[in-house]
Amino acid sequence: MDSTFDENPSPTRQRWRKMAYGGMQPGFDDNHTDETFLAAMVMNANVVKRSMLKVMLDAVSISQYLCIVALVVSVWTCTLKSTLNEDTLLLLDVILLGLGFLVLILTSEMLSLNLLFRYFINISYFTTGLYVLAPVYQTLTRSISSDSIWAVTVSLIVVHLFLHDYSGSTIRAPGALKNPALTSCISLNASIVASVFIASRLPSRTQVFAIMLFSLQVFLFAPLITYCIKKYSFQLHLWFSFGLMFLAMAFVFLLHQLLFVLLLGLLVFVNVVCPYWLIRIQEYKFEINGPWDEAKLCFDITE
């Protein structure tokens with residue numbers, strides 16, 4: 001007698017699929033991954049290869065502003081030593097203001113007569129306010145010792161240099177889409193307070209007004225001018241930066257030879273040593289991207 005046996009084959013196991021939603025798949029753990037999980041792994045996909053010359057040219061903007069601050073400190077020192085009188089300071093203020101407006105007119109594509117007139121009105125209000133407040137600035141730190149003033153001023157200048165936005169402008173440039181960052185505003189405030197401390201040590205009201213006007217012209221409008229020059233022509237930006245470096249080193253050399261050596265060493269460190277370090281550490285950069293990364297929007301949600 002032949003007997004037949006019904007063979008019930010075991011159901012085949014479903015293949016694991018990568019699913020973003022849908023819950024657990026039968027027969028697999030919730031954190032299961034197969035051998036294809038690492039197939040989409042990409043190493044160093046977003047690493048930017050930089051050249052030494054490109055990094056050195058980008059570092060010129062930092063050296064440029066360091067020299068601008070060095071020139072401001074030189075003018076402060078000469079004013080405190082009575083080497084520069086109030087008439088010379090006022091003439092310097094007028095020259096800087098005229099050159100600033102000339103550069104804006106020649107380099108800005110989005111500059112209109114209405115915007116230029118608004119700049120002029122704002123500067124008029126600004127200058128009038130400084131002249132009215134000059135007696136207040138003159139007596140602001142009378143009860144504070146000079147050593148404390150110098151120490152706080154140096155600290156504020158260091159904070160200003162550390163937080164300054166070397167790639168943008170302190171105030172919004174014509175045609176710019178973004179406002180200055182918070183750190184840039186903090187840096188500007190630090191420079192203004194330092195200027196007030198220096199001005200409070202001067203003997204006359206006119207000197208206080210002249211040095212405050214000079215300092216605020218530089219700290220407020222010099223980044224805007226350099227930004228417009230760089231945007232207009234990078235070659236012009238390089239020539240302007242090298243001229244500022246030469247001028248700053250000449251003034252600092254006349255002021256003190258040790259400070260000249262320090263400034264020269266700082267410029268070499270910023271323009272040569274730091275770019276070399278950046279290029280070298282790129283060899284040790286290791287970045288992994290894969291399916292575990294968070295999704296990133298490819299568009300601006302504010303649009």
Side-chain angles (χ1 to χ4, degrees), residues 65 68-101 104 116-164 169-172 180 182 184-225 248 251-252 254-256 259:
Y65 195 75
I68 290 176
V69 175
L71 287 173
V72 173
V73 174
S74 300
V75 173
W76 285 354
T77 305
C78 293
T79 305
L80 292 171
K81 291 182 177 180
S82 300
T83 306
L84 290 177
N85 56 26
E86 52 195 35
D87 295 333
T88 305
L89 282 174
L90 290 174
L91 179 61
L92 182 61
D93 293 339
V94 174
I95 292 175
L96 289 178
L97 188 61
L99 290 177
F101 271 106
L104 282 178
L116 191 64
F117 181 74
R118 190 173 67 183
Y119 279 163
F120 180 78
I121 294 297
N122 291 337
I123 290 176
S124 300
Y125 291 152
F126 175 75
T127 305
T128 305
L130 278 181
Y131 186 77
V132 172
L133 294 175
V136 179
Y137 295 146
Q138 186 179 3
T139 59
L140 189 62
T141 62
R142 181 172 295 177
S143 59
I144 304 176
S145 64
S146 297
D147 293 338
S148 300
I149 293 297
W150 309 144
V152 174
T153 301
V154 171
S155 301
L156 289 172
I157 291 298
V158 172
V159 171
H160 170 68
L161 292 174
F162 184 75
L163 298 178
H164 181 71
S169 173
T170 307
I171 58 179
R172 186 172 180 178
L182 175 62
S184 180
C185 297
I186 297 174
S187 172
L188 176 61
N189 290 331
S191 65
I192 292 175
V193 175
S195 304
V196 171
F197 284 166
I198 292 297
S200 65
R201 290 313 191 192
L202 296 175
S204 68
R205 172 181 177 176
T206 308
Q207 279 185 320
V208 172
F209 166 72
I211 200 66
M212 282 296 299
L213 183 59
F214 167 78
S215 301
L216 296 185
Q217 274 185 352
V218 173
F219 289 128
L220 273 173
F221 300 111
L224 174 63
I225 299 302
F251 270 93
V252 173
L254 295 176
L255 192 64
H256 201 286
L259 295 178

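The shown structure was predicted, so the numbers you read here are calculated from the model rather than taken from an experiment.
- Contact check for S195 versus Y137: no side-chain heavy atoms found under the 4.5 Å cut-off.
- Counting all heavy atoms, side chain and backbone alike, A210 lies closest to L90 at CB-CD2, 3.8 Å.
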For this session: Determine, stepwise, if the pair F101 / I123 fulfils side-chain contact (heavy atoms from CB on, under 4.5 Å).
Result: CA-CA 11 Å; F101 271 106; I123 290 176; 3.5 Å; yes

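- A cation-pi arrangement is found for R205 relative to Y131, the charged atom lying closer than 6.0 Å to the ring centre and inside a 45° cone about the ring normal.
- Atom OG of S204 sits about 12.0 Å away from atom CZ of F209, to the nearest 0.5 Å.
- The line from CD1 of I198 to CD1 of I157 is 8.0 Å long, rounded to the nearest 0.5 Å.
- Residue S200 holds its OG atom at 10.0 Å from CE of M212, rounded to the nearest 0.5 Å.
- Here the CD1 atom belonging to I211 is positioned 12.0 Å from the CG atom belonging to L130, to the nearest 0.5 angstrom.
- We find the CG-CG distance between L84 and L89 to be 5.5 Å, quoted to the nearest 0.5 Å.
- Shown here is F251, whose CZ atom has no more than 12 heavy atoms of other residues, nucleotides or ligands within 6.0 Å.
- For the pair L71/V75, no side-chain contact is recorded, criterion being any heavy-atom separation below 4.5 Å from C-beta on.
- When side chains are defined from C-beta on, L188 counts as touching S191, because their heavy atoms get closer than 4.5 Å.
- Inter-residue side-chain proximity for L92 and T88 is flagged as unmet; no heavy-atom pair is nearer than 4.5 Å.
- Counting all heavy atoms, side chain and backbone alike, I225 lies closest to G100 at CD1-O, 3.4 Å.
- One N or O on the side chain of Q138 and one on the backbone of P203 form a donor-acceptor pair closer than 3.5 Å.
- In this structure, the side chains of P223 and H164 come closer than 4.5 Å at one or more pairs of heavy atoms.
- Atom OG1 of T153 and atom CZ of R201 lie 9.0 Å apart (nearest 0.5 Å).
- When every heavy atom of A199 is checked against every heavy atom of V208, the shortest pair comes out as O-CG2, 3.3 Å.
- The local environment of CZ in F120 is sparse, with at most 12 non-hydrogen atoms from other residues, nucleotides or ligands closer than 6.0 Å.
- Here the side chains of I144 and F197 are not in contact, with every heavy-atom distance at 4.5 Å or above.
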